[in-house]
Every structure is written in C-alpha cells, then in structure tokens.
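As a basis for the values below, the full set of heavy atoms in this structure was taken, side chains included, without hydrogen atoms, waters or symmetry mates.
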There are 2 protein chains.
Amino acid sequence: MAGRTGRVTATDVAKEAGVSQTTVSYVLNDVPHQKISEQTRRKVLDAVAKLGYKPSAAARALRLGRSDLVLMFLPDVPVGGTITALVEMLGDELERHGLNLVTRREHHAPLKSLWRELMPAAVMTAFEVSDEDVASMRAAGIHVVSAGMGPDAAPGVLTIPQTVIGAMQVERLADTGHVRIGYAAPGDPRLRDFLALRLEGARTACAERGLEPPVLLDVPLDIAAAAAAAEQWHSADPAVTGVCAYNDETAFALLAGMRRVGLSAPGDLAVIGVDNDKLAPFAMPPLTTIDNNLDVVVGRAARMIVGGVAGRALPSSPQVTPVSLVVRESA
Amino acid sequence: MAGRTGRVTATDVAKEAGVSQTTVSYVLNDVPHQKISEQTRRKVLDAVAKLGYKPSAAARALRLGRSDLVLMFLPDVPVGGTITALVEMLGDELERHGLNLVTRREHHAPLKSLWRELMPAAVMTAFEVSDEDVASMRAAGIHVVSAGMGPDAAPGVLTIPQTVIGAMQVERLADTGHVRIGYAAPGDPRLRDFLALRLEGARTACAERGLEPPVLLDVPLDIAAAAAAAEQWHSADPAVTGVCAYNDETAFALLAGMRRVGLSAPGDLAVIGVDNDKLAPFAMPPLTTIDNNLDVVVGRAARMIVGGVAGRALPSSPQVTPVSLVVRESA
DNA sequence: CACCCTCACTGTTACGATTCAGTGACGCAC
DNA sequence: GTGCGTCACTGAATCGTAACAGTGAGGGTG
C-alpha cells in the first residue's frame with residue numbers, strides 16, 4: 001500500500017479503490033466540471049477512510065503555488081495583552097476553515113523574504129505596510145487583509161479606531177463631571193504609534209468639550225513612578241481629577257501608585273483604562289475601561305481572510321469595529 | 001528570468017550565474033561532501049542576491065518529506081495567561097532558527113490528522129499524548145518534545161512540576177506561621193488536570209509539615225462568589241488563615257471578594273498565587289506568587305526542538321524547570 | 001451507418017527543490 | 001602511456017498533488 005516512506009499517497013488510495021489517481025483527486029476536490037458517478041465516489045471515499053489518507057500539504061502547496069498558511073505580521077509591541085488574545089482567537093477561527101496561522105514580529109523578518117518562501121494563502125497585517133509590498137503580494141495571488149488603527153476607514157481595511165478609544169475615555173470622564181483631564185502614557189517606547197493615536201483622540205475630545213488638552217505623564221509599570229505621577233496630577237493647579245490610562249496595565253499601576261500615596265479612585269482621581277482585561281473587575285476599585293470588542297474584530301478578520309481565499313472580493317464598505325465603554329467604579 | 005508564475009526559482013539563479021541548478025542547491029545548502037570553488041560560490045550568491053531568490057518552502061518540504069513547521073498541541077484551557085505567553089515566546093525563539101510555529105488546540109483536530117498533513121519538523125505537546133501517537137510520529141521522522149506537568153521526570157520530557165508549585169505555596173504559608181491552609185480552585189472545569197496536581201502537591205506539603213489537608217473551595221472569577229468563599233474560610237473553626245490560589249487570576253478574584261466583606265490580606269487571610277502575572281505587583285496588596293520561569297522553559301524547549309531537528313539526540317537527563325517564590329505582601 | 005455529443009474516466013506532465021550517479025579534466029605514480 | 005584518484009561540477013530522478021488533454025463507450029440525430 002504505502003511506499004517505503006510510510007506515507008499513504010493519493011496513488012495508494014487509487015490502487016485500493018481501483019481507479020486512477022486523477023479520479024481520486026477529482027473526488028476529493030469536488031472539481032466543478034468533472035462528472036464522477038456516485039459509485040466511484042463512494043469507492044474512493046471508502047478507500048480514503050480505510051487507509052487514513054491525508055493529502056500532503058507540501059505537495060498541494062507546490063502544485064497550487066500557495067499553501068494553507070495565513071501569515072500574520074504583528075507590530076513589535078510587548079508580549080501579552082490584547083494582541084496575544086487576538087492571535088489566539090484568530091488562529092482558532094482560521095483553523096476551522098482549514099487554514100493555519102503563523103505569526104511573525106515586524107522587526108524580525110522583513111516582510112518580503114517570508115511571504116516568498118511560504119507562499120501563504122493570505123497575509124494579515126496589524127500595522128501599516130507599504131503599498132508597494134501590498135501590491136507585490138496581491139500580484140502574487142496572496143490575499144492581504146490589513147488592520148489599520150487610524151481613523152481612516154479605507155475599503156477592505158479592518159480598523160480598530162484608536163482615536164475613538166481615547167475620545168471615549170475623555171467623554172466618560174467629562175460626563176462624570178471632570179474638567180481637568182490627565183493622560184497616563186506607558187513607558188514602553190514600542191507603543192508609541194498606538195499612544196499617539198489614542199492621545200490624539202483624547203485631545204480632540206477635550207477640545208470639542210471646551211476642555212484644556214490632557215496633561216500627559218509617563219506611568220511606567222512601577223509603583224513608585226506611578227505614585228509620583230499621581231501626586232503630580234493631584235497637586236496640579238487646577239488639579240487633574242480624571243486620568244485616561246493608555247491601557248489596563250497602566251491603569252493598574254496607577255491605581256497601585258495612588259494607594260501608595262493615599263489617593264483613592266474615583267474620589268481623588270478617576271481612572272479609566274483600555275482593553276477590559278480579565279482582571280479589570282478585580283482592581284481596587286473595579287476598573288472602568290474601554291472594551292475593543294476583539295471577538296468582533298476577529299470574526300470580521302476571519303471572514304475577510306476565508307472569503308478572500310475562497311475567491312470572494314473584500315468588502316468595499318469600511319470595516320470599523322465598535323469599541324464600547326465598560327463602566328465599573330474607578331471612573 | 002522568472003517563469004510565467006512570477007516566481008524566481010533555483011533554475012533562474014542557475015541561468016543567471018551560468019551554472020547548473022544542482023550547483024545552486026549545493027551552494028545554498030553548504031552540502032558537506034561537495035567541493036565548490038570559491039569563484040562559483042560567489043557567482044551563485046551574487047545571482048541569488050540580484051534576483052532576490054527565496055527557496056520555496058513547499059518544494060523543499062515535498063522533497064525532504066518534512067516542513068519547517070513546528071506543531072504545538074495545547075491543552076484546551078481558557079485563553080490568556082501562562083500558556084499564551086509561552087506560545088508567544090516559543091514562536092519568537094523558533095523563528096530565529098528558521099522554524100515556524102503553528103498551534104492547535106487539543107479538542108479541535110485529533111492529533112493524527114494534522115501531523116500527517118503538515119509533516120512538521122517537530123511536534124511539541126503541552127499535555128499527555130498516547131505513547132502510540134508519539135511512536136508513530138517518531139517513526140515518521142518527526143521529533144517529539146513533550147511538556148509534562150506531573151512530577152515524573154522522564155528523560156527527554158520537559159517538565160513543569162505542578163506538584164512542586166502547590167507544595168511551594170504551602171511552604172510559604174507555613175513558614176509565615178499559618179497552620180490552617182485553604183486552597184482556592186478555579187471554577188473552570190477545563191483546568192481540572194492542572195488543579196489536581198497542584199492540589200496534590202499542596203496536600204503532600206501539608207502532610208509533611210503535620211498540618212491538616214487544605215480546605216478546598218471554588219473561587220470563580222466573580223466577586224460575590226469569591227467573597228462567600230473568603231467568609232467561609234475566615235469563619236471556619238479553626239479559621240483558615242492562609243490560602244493557596246490556583247493562579248493569580250483566582251488570587252485577584254479572591255482579594256477582591258475579601259475587600260467586599262471587609263477582610264484584608266495578609267492579616268485576615270494570606271493569599272498566594274501562581275504565574276507571577278504582569279499585574280501581580282499592582283494587586284491590593286501586592287501579590288505574593290510562584291513564578292514558573294517560563295523563559296527557562298521556553299529556552300529549553302527551543303533548544304530541544306532545534307537540536308532535534310538538527311539531528312542531535314534529546315537530552316537523557318530530566319528537564320525539570322525550577323519554579324520560584326516571589327514574595328510581595330499578600331502572603 | 002457515419003457523425004457528433006456527452007459521460008466517466010485515465011495518462012501524463014508540471015510545480016521547485018534535493019540528491020544520487022555520473023563525467024570530463026587534470027595531476028601524479030609507475 | 002596506462003591507471004587511478006581528486007576536483008568541480010552536471011543530468012536526471014524524485015517527492016505527492018492538480019489539472020490539461022485525451023479516450024473509449026454509449027446514445028441520439030439525420
């Protein structure tokens with residue numbers, strides 16, 4: 001049955017079923033304009049089951065010129081948090097459609113080298129990629145789905161509107177009576193791009209409400225440093241009474257720093273995070289935050305990727321994900 | 001230069017360099033017993049650079065009978081937390097050696113079907129796999145690295161000793177004067193296997209110290225439920241004064257529940273977690289926990305995988321990862 | 001009964017890499 | 001000057017699948 005390599009091939013199945021290897025391929029791929037009798041189809045399927053045949057992904061990829069891999073390029077941000085969850089969810093979803101997700105950090109491999117090697121069915125980028133790169137990938141028959149973070153909702157681009165996040169934070173604080181707003185930036189410089197957009201959203205929202213622009217301070221993941229920032233906001237004149245944190249991590253650090261210097265939320269300083277971290281409900285006090293609805297993003301991304309691979313065109317309508325406010329007690 | 005497919009092949013490089021395609025392959029793979037003159041080598045390398053040639057992973061995989069993919073089977077535990085970080089780190093590490101990590105949940109695809117399709121260079125399993133499966137993978141030339149969680153340190157198996165974690169938690173509590181110990185189990189039934197081992201470790205440690213076995217209560221990720229559990233421990237007779245939490249998440253929930261009913265840590269109830277979550281220092285009070293040193297695990301796993309693929313034998317010595325106590329304030 | 005279709009298949013090639021088995025050219029020994 | 005051994009390459013087979021280009025059998029038409 002199997003050759004000396006031990007692998008069961010389509011030829012083995014053909015022999016077992018008493019048909020040609022071509023027929024096996026036609027049956028398994030449900031080739032549109034090929035008529036296969038029910039009887040033959042059954043024989044082939046039985047042989048497949050009996051021998052436990054699994055087509056070789058490598059041979060298929062070589063023949064088709066593209067693999068069943070989906071390549072995801074990630075921005076070079078610290079591990080953990082939102083992106084990791086996104087990867088996890090997307091991987092699960094693609095798996096259901098027979099695709100395999102492989103992730104890659106932006107800085108490690110220059111885009112170009114990798115996609116030429118792997119010939120992925122699709123590429124998903126979670127950061128800005130040059131139009132030139134996108135064009136050459138598209139030319140090679142690869143479906144490219146981009147996740148933008150800006151406010152620009154280009155057709156076929158999946159957008160998580162970072163500016164809206166910042167704006168929504170400010171609005172919550174303004175709605176609860178705060179007029180002097182602070183912004184807690186993460187220490188990590190790799191988050192610069194995200195920070196810039198969220199901050200811009202916050203600034204714009206302040207302007208729209210007739211408030212001063214937010215007072216920006218770094219809040220690294222360190223209690224002492226966070227405490228210093230808290231004091232600085234609290235003792236400013238006029239005092240900052242509400243702070244937008246870059247994310248929940250930063251918010252946790254800030255809350256811890258506040259405790260260190262005897263400040264409490266939301267009384268002395270209201271704090272609102274971003275991400276709706278699993279631990280957010282257990283913060284002291286429970287953390288009010290912005291949920292970026294990753295499940296929606298993942299669902300859409302998966303649909304665009306799977307659809308694209310199946311030959312359907314990308315949606316031309318903007319794909320902006322809604323973000324939502326989760327009110328708890330800290331703001 | 002390139003065929004009608006647009007792809008630059010080794011044949012294109014050969015033509016450009018004025019040598020045979022075989023020679024190109026020899027140069028690029030540094031084939032041991034083939035003598036290639038420096039001049040020819042240079043010509044080939046120049047042509048490669050000029051054309052931007054990248055070997056096709058699919059063709060290589062077909063020929064070699066194995067791809068550059070590393071397949072990782074994960075237990076079906078909730079997303080987030082330790083395992084996700086491990087995947088992230090391992091992916092980065094393998095990438096440095098030209099390998100691509102693909103993850104798969106235990107429940108989705110039965111092991112067998114996937115490895116036959118992908119012909120991975122190695123398979124890493126983070127849970128128990130039947131010896132039969134391992135044997136057939138090994139027979140197919142795939143390197144299998146298993147991460148066990150039990151106390152058994154089989155040769156070639158990477159072990160994160162879950163029992164030691166539970167024991168270490170108890171020891172910390174006992175060392176700080178606690179004699180009546182509680183154990184906070186997570187609500188999620190999918191964590192059952194891990195729970196059983198950690199709990200067993202805790203039980204054994206209690207016995208060795210001459211303490212009663214730990215009082216087990218469920219602490220789901222819900223403040224009210226956690227509060228109830230906290231009161232139950234606190235009002236027991238004799239009272240439980242120190243609790244081992246299944247992980248940091250559970251510990252956060254417990255601490256939040258305790259606040260709800262006016263109990264504080266470590267005074268009324270000392271709490272010790274597991275995982276050394278990024279947010280652990282910012283808990284109220286800062287969370288004492290067990291660090292399972294994932295970086296060490298990842299380093300070893302990567303070394304075993306890369307070594308195995310390169311043909312080196314697996315280390316025969318036990319590969320038990322040290323876990324360590326991180327003392328903060330909650331216990 | 002010659003012609004053309006459709007049906008239900010089969011023979012063969014191509015995808016792009018690795019690698020076994022040569023093959024001239026050259027040097028050296030006897 | 002024949003024999004032998006390196007050296008530095010090249011030709012061709014091979015991996016397993018997809019799909020193009022047939023092919024014989026059977027049926028309907030004029």
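In this structure, the CG atom of A:Leu62 is 17 Å from the P atom of C:dT13, given to the nearest Å. Counting to the nearest Å, the P atom of C:dA17 and the CG atom of A:Leu118 are 14 Å from each other. Atom CE of B:Met119 is separated from atom P of D:dT17 by 10 Å (rounded to the nearest Å). Summarising the geometry, the separation between CD on B:Gln39 and C1' on D:dC7 is reported as 14 Å, rounded to the nearest angstrom. To the nearest angstrom, P of D:dG16 lies 11 Å from CD of A:Gln21. The nearest whole Å value for the distance from the CD atom in A:Glu117 to the C1' atom in C:dA17 is 13 Å. For A:Arg63 and D:dT14, the CZ to C1' distance is 16 Å, given to the nearest whole Å. When rounded to the nearest whole Å, the span between CZ of A:Arg41 and P of C:dA8 equals 11 Å.
For the pair A:Asp12 and A:Thr9, the minimum side-chain heavy-atom distance is below 4.5 Å. In this structure the side chain of A:Tyr26 never reaches within 4.5 angstrom of the side chain of A:Val44, judged on heavy atoms. A:Met124 has its side chain within reach of A:Leu158: a pair of non-hydrogen atoms, C-beta onward, lies under 4.5 Å apart.
Under a 4.0 Å N-O distance rule, the pair B:Arg300/B:Glu93 does not qualify as a salt bridge.
Residue A:Leu64 places its side chain closer to D:dA19 than to any other of C:dG16, D:dA19, D:dC9. Closest to the side chain of B:Val19, from the set D:dT10, D:dG16, C:dG16, is D:dT10.
Of the residues in residues 25-38 of chain B, those lying under 4.0 Å from DNA chain C by heavy-atom distance are B:Ser25, B:Tyr26, B:Asn29.
The list of salt bridge (Lys or Arg N to Asp or Glu O under 4.0 Å) pairs with a residue in residues 34-45 of chain A, not counting sequence neighbours, reads A:Asp30-A:Arg41, A:Glu38-A:Arg41, A:Glu38-A:Arg42.
The side chain of A:Ser20 contributes an N or O atom lying less than 4.0 Å from OP1 or OP2 of C:dT10.
For B:Arg60 and C:dA17, a side-chain-to-base donor-acceptor distance below 3.5 Å is absent, hydrogens and geometry of angles not being considered. Side-chain N/O atoms of A:Thr22 and base N/O atoms of D:dA19 include a donor-acceptor pair closer than 3.5 Å.
Among the heavy atoms of the strands lying under 4.0 Å from B:Thr23 is at least one base atom, whether or not backbone atoms are also near.
Among all heavy-atom pairs drawn from B:Leu99 and B:Val309, the shortest one is CD1-CG2, 4.5 Å.
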Listed pairs under 3.5 Å, donor-acceptor, residues 66-74 of chain B side chains, sequence neighbours left out:
unit_1  : atom_1 : unit_2   : atom_2 : d
B:Ser67 : OG     : B:Leu69  : N      : 3.2
B:Ser67 : OG     : B:Leu118 : O      : 3.1
B:Ser67 : OG     : B:Met119 : O      : 3.1

